[in-house]
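A note on names: the letters A, B, ... follow the listed sequences, proteins ahead of strands, and every chain is numbered from 1. All of these numbers come straight from a predicted model, not from anything done at the bench.
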2 protein chains.
Amino acid sequence: MEQNVIDASGLLAISTRLQRLSDQIRKDGLLIYKAFGIDFQPKWFPVLYTLYKKSTMSVVSLSDEIGYAHPSTISLLKELEKEKLIRSKKDKVDTRKRLVELTEKGTALLATMEPVWEVIIKATADITNTQNNLMKAINEVEATLKEKSFLQRAEVYFRK
Amino acid sequence: MEQNVIDASGLLAISTRLQRLSDQIRKDGLLIYKAFGIDFQPKWFPVLYTLYKKSTMSVVSLSDEIGYAHPSTISLLKELEKEKLIRSKKDKVDTRKRLVELTEKGTALLATMEPVWEVIIKATADITNTQNNLMKAINEVEATLKEKSFLQRAEVYFRK
DNA sequence: GCAATATATGTAGTTAACTACATATATTTG
DNA sequence: CAAATATATGTAGTTAACTACATATATTGC
């Protein structure tokens, strides 16, 4: 059981570790879509999946839903528009808003992806089905952080 | 218990979730160092901490240790050299190698950081001390992935 | 002991998120 | 109802990692 210095530093490097794992999973995700012959980038997933489930949304509500800053969403939408997977129109009631939806091509693509998602879900269940479940741990940590931020918690120990 | 579409997609979005959490923790980390009046960026942590523990290392072995691609390490080292926190010299045995070590300033900085780490360790223990322990979950998942990659696992379900 | 291969370092350019700022429209308030 | 404030979208520039490629030195194998 060799261990590197960063692992040994335990909790200190948690952010680094999370990022590394995220990266690894994303890259494998790309390979899986390729293996299925589907022209799809994992980074598109949050936007497309949300539109698939909610049909029409404004830019900001979409950003909130997927947890991205709105400029990130805008640049994804530009890319998806170029791919003709989504389109948008003005909201007639609130003209500030731009309403985004899947095109027929987009809907069709997502339909072909459903079986791939099933495979991904199974493979991910596979890897997270350990003593401490990663998805559950993330959910729990995010809930804990919502209650009281990391900084606020640190401040308590700081004063002691 | 409101839930957004991405959360509801469960395992599919795991990479996105990991990244978001990593970012949040990193930002709070930066605030904590600031609160302690320490001029330090969380991204420096892996390199500096490893040098603190191992004294002298080559660029590639350092990269392996912290799990980064070597160009990432090189650019961190450049930055740290500008800050006069590290220095480097040629290996006399293998002249390809550049040996990196902390300067006195670097060592001094890290010494002042030890109490901050304690606070960070406590605060992180706080947030990860949930039913499913995040650090343990990460360790377990990484070990599982080392055995057999995500793609290889997906391929098994693909064939079924 | 030289040719082929492997390893170490470095540079250039990419990526996918971010923050800060700008502008247009809606909503609220005195 | 006009001024002040809030919200929605968009642009520009930054960041922190990456991959691909280039070069120099070391090691291996015939």
Salt bridge (charged side-chain N to carboxylate O under 4.0 Å, His left out) involving A/K89 - partner list, sequence neighbours excluded: A/E101
task: Would you kindly give the CZ-to-C1' distance between B/R98 and D/dT25, to the nearest whole Å?
output: 16 Å
- prompt: Hey, is A/E155 close enough to B/K34 for a salt bridge, meaning N to O under 4.0 Å?
  reply: no
message: Measure CG/B/L99 against P/D/dT25 and give the value in whole Å, please.
response: 16 Å
field: Protein-nucleotide distance (A/D64, atom CG; D/dT9, atom P), rounded to Å
entry: 10 Å
Per-nucleotide protein contact string for nucleotides 16-24 of chain C, where B marks a base within reach and S marks sugar-phosphate only (heavy atoms under 4.0 Å, - for neither): SSBBB----
message: Run the side chain to side chain donor-acceptor pair (under 3.5 Å) test against B/Y52 and tell me which residues pass, sequence neighbours left out.
response: B/E114
field: Whole-Å gap separating P (C/dA6) and NZ (B/K97)
entry: 17 Å
task: Write down the partner of D/dA22 under the Watson-Crick or G-U wobble criteria, each distance required to be under 3.5 Å.
output: C/dT9
- prompt: Within the structure shown, what part of the strands sits under 4.0 Å from B/V59 by heavy-atom distance: base, sugar-phosphate, or nothing?
  reply: sugar-phosphate
- request: Could I get the full list of side chain to side chain donor-acceptor pair (under 3.5 Å) partners for B/D94, not counting sequence neighbours?
  value: B/R96
- line: Side-chain contact check for A/I74: nearest option of D/dT9, C/dT11, C/dT25 is D/dT9
task: Could you state the atom-to-atom distance from CG of A/D91 to C1' of D/dT7 in whole Å?
output: 13 Å
field: Where at least one partner belongs to residues 36-45 of chain A, residue pairs that pass side-chain hydrogen bond (donor to acceptor under 3.5 Å, both in side chains), sequence neighbours excluded
entry: A/K43-A/E79, A/W44-A/E79
field: Residues forming a side chain to side chain donor-acceptor pair (under 3.5 Å) with A/Q19, sequence neighbours excluded
entry: B/R26
- line: A/L62 CG to D/dA8 P, in whole Å, measures 13 Å
task: Kindly say if A/K78 contacts the phosphate of D/dT11, meaning a side-chain N or O under 4.0 Å from OP1 or OP2.
output: yes
